Amino acid sequence: MYIVTANEMYDIDELSIKEMNMEGKLLMENAGRAIAQEVEGLTSSKGTICILVGPGSNGGDGFVIGRTLLNKSYSVQVVQVVPNDKIIGDALYHKNLYVNCGGEVTLMKETENISTYLNDAEIFIDAILGIGVKGMLREPIANLVSILNEKASCVVSVDIPSGLPADEGIHDFAAVQADYTFTVGAPKMSAFLQHTAAYYGEWTNLDIGLPLKAFNASDREVWDEVQFLKTMPSRQLNDHKGDHGRGLVIGGSSEMPGAFAMTLQAALRTGAGLITGATSEKVRSAIAGQNLEATYQILPEVNGALTNKKSIDLDAYDAVAIGIGMGRDPETELLVKTILHQAECPIIIDGDGLFHIKDDLSALQGKQEPVIITPHPGEMAMLMGLSVKELMHKPFYYSRNFAMEHGVYVILKGTHTIISSPEGRQAVNTTGNPGLAKGGSGDVLTGMVLAMIMQGQSIFEGLCNGCYLHGKSADLAVSTNHTVHDLLATDVITGIPKAFKSLLTTNNSQ
């Protein structure tokens, strides 16, 4: 499933209609009928369904929804919120078809009390405005949207809540607050942004028959279970531990031994063949009893912080993760930069490691092997010299630009984690819940993606699958014996086997 901007969606529609000879009327019919079927699952057979119809494709979809539900004996009220001359083309065709099938259209007049149209309907369908909205809403639509948000008990939006921008970077708007949104063809970028996602309510994407070929220009996708099962490699009967990667985790400090321990545990539980922890003797002695399967390299430390006074042999490892719980001592900074310079295998930089490279991002460039950074929004903003607010208004843009400029992979963690490649490919993870907003969740994720990138899949796929499994474990935990309040990072580690089992038993070939 692809993620599109408004212009990309227009191009997809145009390509489908003009170059592949798909009828616009047919696509509108498909969209309206698919949404009507979803609405049937939300309503009783007795309640009135009020459809608020505007201009353009959304309005046309609204007329199809009205006709489809009317033909199934639902009580339907269609209110046209724009003048007749605004209903043209395919939308006019479907309006006339709705009327010919016995439907009635009420024309809303600006001088009338809009509240009279929002009486006792069970469901209101927002087919007012689509992805072409620019700027603030004008009257009378602005007032209608305000009253709809205040009085409607259940609102279903067609493709996008009216007034909501489809793209990132826009923060001045007024929009319908939907309970459910049924996106058409592909979800729009704003479904994954911190300041706009909530307006969608629960959203589902509907396939209306647009050809896959039309989406070729999009380099953004949703990473879901289908993608996980398609890309997650299977284990063979004659595999041995070396086939699943030798990973090295460098970090830990006297103040944060737990973070380091969780990364080791998560990497082992996610399938790494061998994991070595490079840390101080104090940290090793504190955590060794919790990580019986790990081995260790002892590094020198001063006042609880790791130093660069002992070389680390990196040749024996297939991937390295550095920065977890290591603190911000200047000596530790030198260690991070030394490892980054010397590593000839994929390297993941997390946590304090990101702090240590912020003033010298040139160290990321020119590496022959992949470099992966795993910032939360505060860390990403720090690396780019932005405010968190600026970053979160355009997270796709900023994370993609950073990845391409510096030749790195970026996992921008959040409610909708965005994974970006050096080539500009992006994916959004679909799993996870608010229970992950706890200390240690990022440390667990680092261990999981470390294991994944050593499992015989591409780096990008490994990062996406690590994020997916991380969120899946949290979701299963919350659905069974935890809540979003009490979930801990260690619970996510404990849940990894259950997450694997729930996914891989679905795909019998694994």
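Every value quoted in this text rests on a predicted model; they were computed, and no experiment measured them.
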Any donor-acceptor pair under 3.5 Å from Ser473 side chain to His470 backbone:
no

Using 0.5 Å steps for rounding, measure from the CZ atom of Phe500 to the OG1 atom of Thr270.
5.5 Å

Report yes or no: does Asp475 contribute a side-chain atom to a donor-acceptor pair with the main-chain N or O of Thr431 at less than 3.5 Å?
no

Passes salt bridge (Lys or Arg N to Asp or Glu O under 4.0 Å), Glu379 versus Lys358? Steps please.
CA-CA 9 Å; Glu379 291 165 337; Lys358 67 181 177 64; over 6 Å; no

Heavy atoms, side chains only, cut-off 4.5 Å: are Met448 and Met452 in contact?
no

Mind checking the CG-CD1 spacing from Leu364 to Ile357? Nearest 0.5 Å is all I need.
4.5 Å

Counting only heavy atoms not in Tyr397 (residues, nucleotides, ligands), do more than 12 fall under 6.0 Å from its OH?
no

Under 3.5 Å, is there a donor-acceptor pair between the side chain of Arg269 and the main chain of Ile493?
no

Give a yes or no on whether the backbone of Leu129 and the side-chain of Ser162 come within a donor-acceptor separation of less than 3.5 Å.
yes

Cationic N near anionic O, under 4.0 Å, Lys337 to Glu333:
yes

Asp13 vs Leu210 side-chain heavy atoms within contact, under 4.5 Å
yes

Testing the basics here: between Asp179 and Ser153, what is the closest heavy-atom pair and its distance to 0.1 Å?
OD2-O, 3.9 Å

Selection residues 449-469 - residue pairs positive for ring pair (Phe, Tyr, Trp, His ring centres under 6.0 Å), sequence neighbours left out:
Phe228-Tyr468

Are side-chain heavy atoms of Asn465 and Gln455 found at a separation under 4.5 Å?
no

Taking the side chain as everything from C-beta on, heavy atoms only, tell me whether Leu504 gets closer than 4.5 Å to Leu229.
yes

Assess whether side-chain contact (heavy atoms from CB on, under 4.5 Å) is satisfied between Tyr409 and Ile419, documenting all intermediate values.
CA-CA 7 Å; Tyr409 293 85; Ile419 302 98; 5.6 Å; no

Can you confirm whether more than 12 heavy atoms, excluding those of Gln457, are under 6.0 Å from its CD atom?
yes

Is a side-chain N or O of Glu344 found less than 3.5 angstrom from the main chain of Gln368, in a donor-acceptor match?
no

Does any N or O in the side chain of Asp318 come within less than 3.5 Å of the main-chain N or O of Gly247, such that one atom is a donor and the other an acceptor?
no

More than 12 heavy atoms of other residues, nucleotides or ligands under 6.0 Å from CD of Gln365: is that the case?
yes

Closest non-hydrogen atoms of Thr430 and Trp223, given as atom of the first, atom of the second and distance, are OG1-O, 3.0 Å

Dump the intermediate steps for side-chain contact (heavy atoms from CB on, under 4.5 Å) on Ile250 and Leu299, then the final yes or no.
CA-CA 9 Å; Ile250 306 171; Leu299 302 181; 4.1 Å; yes

Out of Ile418, Leu412, Leu386, which one pairs with Met380 under the side-chain contact (heavy atoms from CB on, under 4.5 Å) rule?
Leu412

Compare every heavy atom of Pro422 with every heavy atom of Met404, then report the nearest pair and how far apart it is.
CG-O, 3.4 Å

What is the minimum heavy-atom distance between Ile459 and Pro346, and which atoms define it?
CD1-CG, 4.2 Å

If you measure from CG on Asn433 to NZ on Lys472, what distance do you get to the nearest 0.5 Å?
11.5 Å

Nearest 0.5 angstrom please: Asn291 CG to Met262 CE, how far?
10.5 Å

Residue pair Glu293 / Ile275, side-chain heavy-atom distance below 4.5 Å
no

Going by the side-chain contact (heavy atoms from CB on, under 4.5 Å) test, name the single residue among Ile322, Leu450, Asp443 that passes it with Asp350.
Asp443

So for atom CD, which belongs to Glu122, do other residues, nucleotides or ligands contribute more than 12 heavy atoms lying within a distance under 6.0 Å?
yes

Side chains of Leu206 and Thr183 in contact at under 4.5 Å (non-hydrogen atoms)
no

Could you check whether any side-chain heavy atom of Phe355 comes within less than 4.5 Å of a side-chain heavy atom of Val336, counting everything from C-beta outward?
no

Quiz question: by atom type and distance under 3.5 Å, do the side chains of Ser253 and Glu255 form a donor-acceptor pair?
no

Closest heavy-atom pair and its distance - Ile324, Thr263:
CG2-OG1, 3.2 Å

Keeping Asp491 on the side-chain end and Thr494 on the backbone end, is there a donor-acceptor pair under 3.5 Å?
no

What is the minimum heavy-atom distance between Cys467 and Ile411, and which atoms define it?
SG-CG2, 3.8 Å

Hey, mind stepping through Ile65 and Ile49 against side-chain contact (heavy atoms from CB on, under 4.5 Å) and telling me if it holds?
CA-CA 10 Å; Ile65 294 167; Ile49 300 168; 5.9 Å; no

Can you tell me which residue pairs pass the ring pair (Phe, Tyr, Trp, His ring centres under 6.0 Å) test with a partner in residues 177-198, sequence neighbours excluded?
Phe192-Trp203, Phe192-His416, His195-His393

I'd like to know if the side chain of Thr43 reaches the main chain of Glu40, judged simply by a donor and an acceptor atom lying under 3.5 Å from each other, with no hydrogens or angles considered.
no

How long is the span from the OG1 atom in Thr279 to the CD1 atom in Ile298, to the nearest 0.5 Å?
7.5 Å

If you draw a 6.0 Å radius around CD in Gln297, do more than 12 non-hydrogen atoms from other residues or ligands fall strictly inside?
yes

Does a sphere of radius 6.0 Å around NZ in Lys438 hold more than 12 heavy atoms from other residues, nucleotides or ligands, not counting ones at 6.0 Å or beyond?
yes

Does the Lys394 side chain pair with the main chain of Met392, one donor and one acceptor, at a distance under 3.5 Å?
no

Do the side chain of Thr480 and the main chain of Ala477 share a donor and acceptor less than 3.5 angstrom apart?
yes

Which of these passes side chain to side chain donor-acceptor pair (under 3.5 Å) with Asp219: Arg400, Gln426, Arg425?
Arg400

Do Ser441 and Lys413 touch side chain to side chain, with heavy atoms closer than 4.5 Å?
no

Assess whether side-chain contact (heavy atoms from CB on, under 4.5 Å) is satisfied between Gln194 and Thr415, documenting all intermediate values.
CA-CA 8 Å; Gln194 189 178 71; Thr415 303; 5.6 Å; no

Atom pair OG/CG of Ser420 and Asn401 - distance to nearest 0.5 Å
9.5 Å

